[in-house]
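By convention in this document, chain letters (A, B, ...) are assigned in the order of the sequence lines, proteins followed by strands, and residues within each chain are numbered from 1.
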Amino acid sequence: NAGVTQTPKFQVLKTGQSMTLQCAQDMNHNSMYWYRQDPGMGLRLIYYSASEGTTDKGEVPNGYNVSRLNKREFSLRLESAAPSQTSVYFCASSVDEATAYQPQHFGDGTRLSIL
Amino acid sequence: TQLLEQSPQFLSIQEGENLTVYCNSSSVFSSLQWYRQEPGEGPVLLVTVVTGGEVKKLKRLTFQFGDARKDSSLHITAAQPGDTGLYLCAGEGFGNEKLTFGTGTRLTIIP
C-alpha cells in the first residue's frame, strides 16, 4: 500500500543550485499535482497534470518546471533555487481531475531548505 | 483565485472538551472537502460534502456545508489526543477550477 511516494524526504540546497523532486503513485490515477505548503498559507498549487502527456500551471508556477514522465511519475524541478522556495512540497494524485468530488491522495512531503 | 479562510488558526483545548472550527469564503463551491494532516505526513481526506446544508458525521466529528455553499464547519465532540493535527478545508469550484485549500487550523488536544 505505497500510494504516493516522494523522494527525497529532506534536502538542503544553496541558492542557485538545481534539484528535481520525484513523485510516483501506484494507484493508476490519471491526475497528479504538486503543492507547496508554507505556514499560515495552506497548500498552494504549483503545477498539475490532468493526464499523461499534459501539464498546466497552477497558482504559483514561477521558478519551477515539471515533467510527467509516464502515468506513474510526476517530477518537479527547481532550476536555480532561491530562499523563497524554502517550503514543504507535496505531491498528490487523483483518479481523474475532470470528475467531480475527487479526493486527492498525498505523499508525505519533501522538506526543502534553501540557504 | 478563490480564498478559503479558516478560523481559528490555532486551538489548544483539554481532552474531553468540544470544539468547532470554521472554513469561510465569499465564493460558492460545488463541493468541499476536509483533510487532517499529522506532523511529517501529507493530508488525509476525512469527508466530502456536496449539498448545501448537508451534515455528515464521522464518529465524533460532525461536518456541515453551509446552505449557500460558501462555508463549512467541523465540530468535534469529546476531543481526544488522537484528534491533534492540522485540519484543512478545500473547496472545489465549478467547471475546470482546481481545488483551493484553506489556511488551516492547527488543533492540539491536551491529555
Proximity breakdown for B/L86 and chain A, heavy-atom pairs closer than 4.5 Å: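 The side chain, not the backbone.
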
Which atoms of B/Q37 approach chain A - backbone, side chain, both or neither, heavy atom under 4.5 Å: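 Only the side chain of B/Q37 comes within 4.5 Å of chain A.
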
Contact origin within A/Q37 toward chain B - heavy atom pairs under 4.5 Å: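 It is the side chain, since no backbone atom gets that close.
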
Under 4.5 Å from any heavy atom of chain B - which part of A/R44: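 Neither part.
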
Whether A/H105 and A/H29 hold their rings parallel, tilted or perpendicular, with breakpoints at 30° and 60°: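 Ring orientation of A/H105 relative to A/H29: tilted.
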
Contact check, side chains of [X] and [Y], non-hydrogen atoms, under 4.5 Å:
X	Y	value
A/K71	A/N28	yes
B/E41	A/F106	no
B/L19	B/L107	yes

Side-chain H-bond candidate by donor/acceptor type, A/S87 with A/D38, under 3.5 Å: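 Distance-only check passes for A/S87 and A/D38.
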
Pairs of heavy atoms under 4.5 Å with chain B: top-ranked of A/V88, A/L43, A/L45, A/V4: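 Most heavy-atom pairs within the cutoff with chain B belong to A/L43.
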
